Trainee: 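There's a structure below that I have some questions on.
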Amino acid sequence: MTTEVDPRVFALETKAISKSFGAVRAVDDLSISIFSEWITCIVGPNGSGKSTLINLLSGMLPIDEGIVIIDTVGIRVLRAHETPEHGITRTFQEVRLFDQISVWDNIMVGLTERRLFPSLLERTKSRHEAKAEEILRSVGMWEKRDAMAGDLSYGQRKLLEIGRVMALDVKIYLFDEPFAGLFPRMLERVKAILKEMRQQKRTIIFVSHNMDIVRELSDHIFVLDSGALLAVGEVDEVLGRSDVIDAYLGH
Amino acid sequence: MALSSHAISNLVRRTRDFTERPRFAKGNVELWANLLIISWAAAFMLWQGVGFAITVSTVFAIWAILAVSLNLVVGYTGLLSVGHIGFFGIGAYAMAILSSDASYEQLRTEAIPTFGWPFFAALPISVVLAGLVAVVVGVAFNRFRDDIYVLVSFGFAVIAFNLFLNWRPLTRGAFGIHEIARPEIGGWTLSGPFEFLVLALVFLGIVVLISWFIVTSSFGRVLRAIREDEQAIEVFGYQTAHYKLAIWVISAMMAGLAGALFGSWTSFIDPNSFVLLESILLVSIVILGGLATIWGSILGAMAFVMLEEGMRFLPFLPPEFIGQARQVVLGILLVLLMLFRPQGLVGRFRL
């Protein structure tokens with residue numbers, strides 16, 4: 001390999017971020033650093049704060065304390081509609097598509113004009129169409145383009161949601177359980193997509209409970225427990241640690 | 001007990017079979033709805049003669065402007081507003097105050113400010129005024145959604161009505177405002193009902209064109225996405241509050257236009273035309289025609305006006321009950337529609 005990834009480049013860092021829901025500290029003083037162009041996995045038992053972390057990083061929940069550093073820029077208040085500008089997008093644990101519009105339009109909203117008045121004047125552009133076709137073909141949904149997103153099967157919905165974020169040309173992708181509930185064939189497809197995105201030099205952060213996939217895909221792993229960082233490092237080493245095994249199986 | 005529950009579930013299944021069976025007619029409901037309503041309207045007008053046709057068509061044009069504009073908010077953006085009649089009233093009152101005949105008005109018991117402007121000068125002001133009020137209301141409403149939205153828009157309709165009724169130095173309350181100006185183009189007054197109908201249809205055409213332009217643009221696609229999942233579309237970099245406010249104001253301005261036309265057409269308005277019930281009828285028209293379809297709203301308005309006028313000719317119905325009867329019939333229609341065709345006559349979407 002001639003092009004070695006420099007492991008010291010951080011795409012995203014959090015500095016002592018916290019989030020509480022009432023008395024529960026879902027994310028507790030958490031500082032993590034995500035390497036650029038790597039696939040990073042976040043694991044942890046249920047309720048360990050994985051989804052809350054994703055929600056914080058995508059601006060869907062306000063951060064109580066701490067800051068997020070994206071591309072060396074410190075951000076205290078991350079708003080959802082500003083995340084693509086910062087180079088972040090996400091998928092949801094429970095697939096959230098635009099059900100009563102077509103598969104095609106689900107992709108198109110990721111491509112079209114964001115500003116209010118220009119979007120009023122914008123009609124469909126051929127470069128958008130070409131990109132949408134490319135994405136739909138790469139996730140294998142081209143034949144389904146005229147179907148309503150709500151009429152798709154679970155696996156297809158999962159794929160479409162991944163296709164939808166591919167429409168955004170950003171650096172950091174957060175995938176909240178992209179493999180949950182998928183049949184083996186679909187699973188392979190999603191794995192291939194993630195690997196492909198890694199090749200395109202995207203930074204990927206994903207949450208999963210499937211340890212085989214975690215081992216296969218991850219370059220780096222964070223283990224959360226009760227909102228705090230339990231372990232971090234190279235996959236096999238971290239997953240072999242006794243305290244990590246305890247967190248998963250112990251209690 | 002076991003037997004009866006079995007029987008009931010059997011019955012339910014059979015009813016379901018029955019509703020699903022006529023597949024040959026399934027795709028044609030839209031076609032039949034179109035044919036039925038349009039031919040009904042045409043036959044009715046032919047039977048009743050030109051004068052009736054002109055009146056009914058003018059009423060239709062005004063309702064259609066309202067329905068199409070409300071559909072932008074309710075159908076496309078998913079904000080179920082029952083306050084639309086408020087903007088209709090603001091347009092009508094602005095037109096009335098700006099254009100009513102000053103000499104006539106000051107003869108009456110209570111003096112109100114009158115300006116005696118011509119119709120076409122008062123019209124843009126009425127539209128802009130409705131828009132300005134919508135900006136203020138919209139900013140306040142933007143944080144709400146779903147059922148809460150219904151409640152706050154309900155509140156707006158009630159407040160608007162009470163202002164029309166009680167702000168007497170401006171609206172003369174229940175006495176209403178008379179002698180509202182007729183449209184005039186270069187000295188030629190559109191005094192005849194036919195000329196006014198043409199004007200109303202031209203404005204309907206403009207509203208439909210603008211709406212069509214909006215819903216087929218990228219902006220329109222974002223509105224639909226907001227309807228489906230507002231949080232998710234925000235993650236894609238859209239500031240949904242701005243989009244919701246923009247469509248709300250555009251829609252309110254169209255309603256203001258309809259109100260101004262209505263005021264000029266009747267030449268007299270009082271608060272009774274702007275009660276909450278009218279707003280709910282309007283929502284019914286939008287749902288009847290179909291959410292997120294412009295043609296559906298036009299068809300819905302046509303069906304509604306025909307239904308209303310058609311009741312006058314029911315031999316067993318005393319004239320004083322017509323108003324109530326149309327509500328009953330529309331209510332029953334809505335319940336049937338929600339049961340058997342929740343997407344409306346020509347729509348594809350559900351609430």
Side-chain angles (χ1 to χ4, degrees), chain A residues 54-55 57-61 78-92 94-102 104-125 128 132 148-151 161 164-170 173-174 176, chain B residues 71-72 74-78 135 138-139 142-143 209-251 253 287 290-293 296 342-344 347-351:
Chain A
I54 299 279
N55 283 336
L57 294 179
S58 60
M60 295 192 67
L61 287 175
L78 192 59
R79 293 194 183 85
H81 69 265
E82 290 167 354
T83 50
E85 281 172 49
H86 294 306
I88 298 182
T89 191
R90 68 168 294 175
T91 66
F92 297 88
E94 305 287 332
V95 182
R96 288 170 75 167
L97 292 169
F98 308 121
D99 281 344
Q100 296 195 67
I101 65 178
S102 66
W104 176 258
D105 282 335
N106 264 273
I107 300 291
M108 285 299 275
V109 285
L111 298 167
T112 52
E113 181 59 55
R114 301 300 199 268
R115 288 165 300 157
L116 193 70
F117 290 107
S119 80
L120 253 177
L121 301 176
E122 186 183 73
R123 329 300 289 179
T124 314
K125 285 190 175 141
H128 293 157
M148 287 281 152
D151 294 341
E161 199 185 25
R164 200 174 61 172
V165 294
M166 287 165 70
L168 272 84
D169 192 20
V170 295
Y173 289 86
L174 312 168
D176 199 351
Chain B
N71 208 341
L72 293 176
V74 175
Y76 286 93
T77 322
V135 171
V139 167
N142 247 346
R143 70 188 68 191
L209 263 179
I210 293 174
S211 303
W212 177 83
F213 187 80
I214 291 171
V215 302
T216 54
S217 67
S218 294
F219 183 94
R221 193 186 289 114
V222 176
L223 294 184
R224 291 186 192 96
I226 290 174
R227 176 189 67 204
E228 295 303 318
D229 191 332
E230 190 181 337
Q231 270 190 314
I233 188 70
E234 209 154 81
V235 175
F236 282 78
Y238 293 97
Q239 205 162 357
T240 56
H242 292 179
Y243 281 81
K244 287 196 296 184
L245 185 61
I247 198 65
W248 172 258
V249 172
I250 291 168
S251 168
M253 288 170 84
I287 295 173
L291 293 168
T293 144
Q343 69 269 51
R348 292 177 72 187
F349 305 100
R350 291 148 192 241
L351 207 58

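Here the structure is a predicted model, which means the values were calculated and not measured. The sequence lines fix the lettering, A, B, ..., with proteins before strands; numbering per chain opens at 1.
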Trainee: To the closest 0.5 Å, what do you measure between CD (B/Glu234) and NE2 (A/His81)?
Mentor: 6.5 Å
Trainee: Considering only heavy atoms and a distance below 4.5 Å, find which of A/Asn106, A/Val109, A/Ile101, A/Leu111 pairs most often with chain B.
Mentor: A/Val109
Trainee: Side chain from CB out, backbone as N, CA, C, O: work out which of these in A/Leu120 comes under 4.5 Å of a heavy atom of chain B, or both, or neither.
Mentor: both
Trainee: Just verifying a value: how many Å separate A/Asp99 CG and B/Arg227 CZ, rounded to the nearest 0.5 Å?
Mentor: 10.5 Å
Trainee: Any idea which heavy atoms bring B/Phe236 and A/Gly110 closest together, and the distance?
Mentor: CD2-CA, 4.0 Å
Trainee: Check for a donor-acceptor pair, side chain of B/Glu228 on one end and backbone N or O of A/Gln100 on the other, with a separation under 3.5 Å.
Mentor: yes
Trainee: Is there a side-chain contact between A/Leu121 and B/Phe213, using heavy atoms and a 4.5 Å cut-off?
Mentor: yes
Trainee: If a pair satisfies salt bridge (Lys or Arg N to Asp or Glu O under 4.0 Å) and one of its residues is in residues 113-124 of chain A, list it, with sequence neighbours excluded.
Mentor: A/Glu113-A/Arg115, A/Glu122-A/Lys125
Trainee: Checking A/Asp176 now: which residues fulfil side chain to side chain donor-acceptor pair (under 3.5 Å) with it, not counting sequence neighbours?
Mentor: A/Ser51
Trainee: Step by step, would you call B/Tyr243 with A/Ser119 a side chain to side chain contact (heavy atoms under 4.5 Å, CB included)?
Mentor: CA-CA 10 Å; B/Tyr243 281 81; A/Ser119 80; 3.5 Å; yes
Trainee: Just verifying a value: how many Å separate A/Asp105 CG and B/Ser218 OG, rounded to the nearest 0.5 Å?
Mentor: 9.5 Å
Trainee: Identify which part of B/Ala225 has an atom lying under 4.5 Å from any heavy atom of chain A, answering side chain, backbone, both or neither.
Mentor: both
Trainee: Checking heavy atoms, do the side chain of B/Ile233, its backbone, both or neither come under 4.5 Å from chain A?
Mentor: both
Trainee: Would B/Gln231 and A/Arg96 satisfy side chain to side chain donor-acceptor pair (under 3.5 Å), going step by step from the backbone distance to the final call?
Mentor: CA-CA 9 Å; B/Gln231 270 190 314; A/Arg96 288 170 75 167; 3.0 Å; yes
Trainee: When B/Val235 is tested against each of A/Thr89, A/Ile88, A/Leu168 for side chain to side chain contact (heavy atoms under 4.5 Å, CB included), which residue passes?
Mentor: A/Thr89
Trainee: Given heavy-atom pairs under 4.5 angstrom as the criterion, report whether the side chain, backbone, both or neither of A/Phe117 touches chain B.
Mentor: neither
Trainee: Check each atom of A/Thr112 against the heavy atoms of chain B and say whether the ones under 4.5 Å are side chain, backbone, both or neither.
Mentor: both
